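Only one structure is covered here, and it is reproduced in the block below.
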Amino acid sequence: MISVIIPTYKEPEALDLCLRSAITGQLHKNQIIVVVDGYYDINKEVLDKYSNNIEILNLEDNVGMIRAMNFGHCHARFDLVFHVQDDNVFPTSWDKFLLEAYQPNSVLTPNQIEPTPSMFRQFDIKDLGCDPKTFDLKAFCAYEINNMRNEVKEEGSTFPFLISKIDYLKIGGFDELYPGPWVVDWEFFLKCQLNGMKMLRTYNCSFYHFVSLGTAPTIEKQQEKRIKEQECFNYSVYKWGTNIKHNPLNNLKYL
């Protein structure tokens with residue numbers, strides 16, 4: 001069985017769909033942990049709805065996705081831990097396919113279906129809805145099943161991802177000193193590679209991803225995002241001596 005970590009912020013409609021698909025799509029009784037990163041009252045109705053099938057970690061204050069993921073990971077009961085965003089939708093039998101594809105000393109990611117073109121060449125582009133209100137869960141499940149292929153390649157290094165609890169702790173998880181979520185995921189996967197782990201992607205299981213839900217389109221918010229993103233790059237250069245780079249052919253990270 002798998003421990004699932006889902007940090008959530010203030011997108012209750014996305015969380016509702018994420019949890020519904022995770023619970024109805026699983027074949028085993030997995031541990032599903034929702035880490036509420038502030039704004040508990042906004043999410044309370046959804047959390048109450050699934051309370052019999054989830055565990056809730058209420059951080060009370062907004063501490064950021066990085067700390068939320070690390071905190072959730074430390075509460076995992078099972079040896080394999082799956083880190084997922086709340087704007088992901090789980091496919092049918094997701095746990096079965098992840099367990100079949102996982103290899104020791106690896107980080108495994110399922111492929112993703114997104115509504116718009118992505119920097120990640122491996123993603124499947126299919127518009128099944130740009131937000132939870134327009135999303136068609138039945139159409140997604142049918143599309144996902146029809147496009148499955150029994151193939152695992154060394155081109156992972158994206159969310160969501162499955163990793164052993166010990167491997168995650170061995171590399172120190174996500175670095176909480178980053179001033180925001182940018183770059184820190186690239187560094188995490190880089191650390192996995194430097195520790196000799198295989199970065200795998202299975203095409204026998206695909207999750208849907210809405211992309212940047214909750215990102216405010218205002219000029220002020222965009223400017224704030226650019227500043228924080230640059231601060232993250234600056235910290236990465238301070239720590240590693242250079243920017244972390246991305247290979248678009250296989251998603252591997254390098255210095």
Side-chain angles (χ1 to χ4, degrees), residues 2-7 64-74 76 78-85 88 94 97-112 114 118-124 149-207 209 211 229-255:
I2 298 171
S3 291
V4 182
I5 312 299
I6 307 174
M65 183 184 71
I66 302 169
R67 292 179 63 186
M69 284 190 294
N70 285 344
F71 188 67
H73 190 95
C74 291
F78 298 121
D79 292 336
L80 292 179
V81 185
F82 190 46
H83 286 262
V84 191
Q85 310 288 4
N88 274 128
W94 58 269
F97 292 119
L98 290 179
L99 290 170
E100 287 177 350
Y102 177 77
Q103 300 176 21
N105 196 37
S106 75
V107 180
L108 174 71
T109 183
N111 203 31
Q112 286 201 135
E114 291 189 341
S118 168
M119 68 175 288
F120 298 107
R121 303 180 183 184
Q122 295 78 16
F123 288 5
D124 187 353
R149 64 181 193 268
N150 190 20
E151 190 173 24
V152 177
K153 293 186 175 181
E154 291 193 41
E155 50 188 27
S157 301
T158 60
F159 276 91
F161 64 88
L162 182 72
I163 189 172
S164 80
K165 184 172 184 179
I166 295 301
D167 284 342
Y168 186 97
L169 296 175
K170 182 172 64 177
I171 67 166
F174 287 86
D175 185 349
E176 297 180 9
L177 293 180
Y178 274 87
W182 301 279
V183 190
V184 68
D185 57 333
W186 284 22
E187 184 197 273
F188 174 83
F189 295 127
L190 173 66
K191 291 190 296 184
C192 291
Q193 293 169 211
L194 293 176
N195 277 272
M197 298 182 206
K198 289 184 178 180
M199 311 305 294
L200 303 178
R201 178 178 301 274
T202 176
Y203 290 90
N204 214 9
C205 180
S206 295
F207 281 59
H209 183 225
V211 187
E229 188 173 9
Q230 187 58 52
E231 289 177 356
C232 289
F233 278 108
N234 292 343
Y235 175 73
S236 176
V237 172
Y238 166 77
K239 182 176 181 179
W240 293 94
T242 184
N243 280 312
I244 298 170
K245 301 172 183 66
H246 168 81
N247 184 335
L249 297 179
N250 57 14
N251 291 333
L252 294 183
K253 316 305 181 209
Y254 60 98
L255 297 173

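On a predicted model such as this, the values are computed, not experimentally measured, just so you know. No hydrogens, no waters, no symmetry mates; every other heavy atom, side chains included, goes into these values.
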(request) Could you walk me through whether Tyr168 and His83 pass the ring-ring contact (aromatic ring centres under 6.0 Å, His included) test, one step at a time? (result) CA-CA 11 Å; Tyr168 186 97; His83 286 262; 4.9 Å; yes
(request) I would like to know whether His73 and Met69 meet side chain to side chain contact (heavy atoms under 4.5 Å, CB included); could you show each step before the answer? (result) CA-CA 6 Å; His73 190 95; Met69 284 190 294; over 6 Å; no
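Test Phe188, Tyr102, Phe82 against Phe161 for ring-ring contact (aromatic ring centres under 6.0 Å, His included) and you get one pass: Phe188.
Interatomic distance, NZ of Lys170 versus SG of Cys192, reported as 9.5 Å (0.5 Å rounding). In this structure, OG in Ser206 is found 11.0 Å from CD in Glu114, a value given to the nearest 0.5 Å. To the nearest 0.5 angstrom, Glu176 atom CD is 5.5 Å from Arg67 atom CZ. To the nearest 0.5 Å, the span separating CG on Leu108 from SG on Cys205 amounts to 8.5 Å. Taking OG from Ser106 and CG from Leu162, the interatomic distance works out to 7.5 Å, rounded to the nearest 0.5 Å.
Not less than 6.0 angstrom separates the ring centroid of Phe189 from the ring centroid of His246.
For Glu231, there are no side-chain hydrogen bond (donor to acceptor under 3.5 Å, both in side chains) partners, not counting sequence neighbours.
Within the 4.5 Å cutoff, side-chain heavy atoms of Leu255 are placed close to those of Ile244. Put simply, the side chain of Glu187 reaches to within 4.5 Å of the side chain of Trp240, judged on heavy atoms. The side-chain heavy atoms of Leu80 and Leu99, taken from C-beta on, include a pair separated by under 4.5 Å. A 4.5 Å side-chain heavy-atom check between Val84 and Trp94 finds every atom pair outside the cut-off. Looking only at side-chain heavy atoms (C-beta outward), Gln85 and Met65 come within less than 4.5 Å of each other. With a 4.5 Å cut-off on side-chain heavy atoms, Gln193 and Ser157 count as touching. Residues Glu154 and Leu252 have side chains not in contact (no heavy-atom distance under 4.5 Å, counting atoms from C-beta outward).
Scanning all heavy atoms of the two residues, the minimum distance from Gly72 to Ile5 falls at O-CD1, 3.3 Å.
Look at Asp175 and Lys239 and you find a salt bridge, because one of the NZ, NE, NH1 or NH2 atoms lies within 4.0 Å of a carboxylate O, short of that distance.
For Lys198, the NZ atom is loosely surrounded, since the number of other residues' heavy atoms within 6.0 Å does not exceed 12. No more than 12 heavy atoms of other residues, nucleotides or ligands sit less than 6.0 Å from atom CG of Asp79.
In this structure, a donor-acceptor pair under 3.5 Å is present between the side chains of Asn251 and Gln122.
Under a 3.5 Å cut-off, the side chain of Asn247 and the backbone N or O of Tyr254 do not form any donor-acceptor pair.
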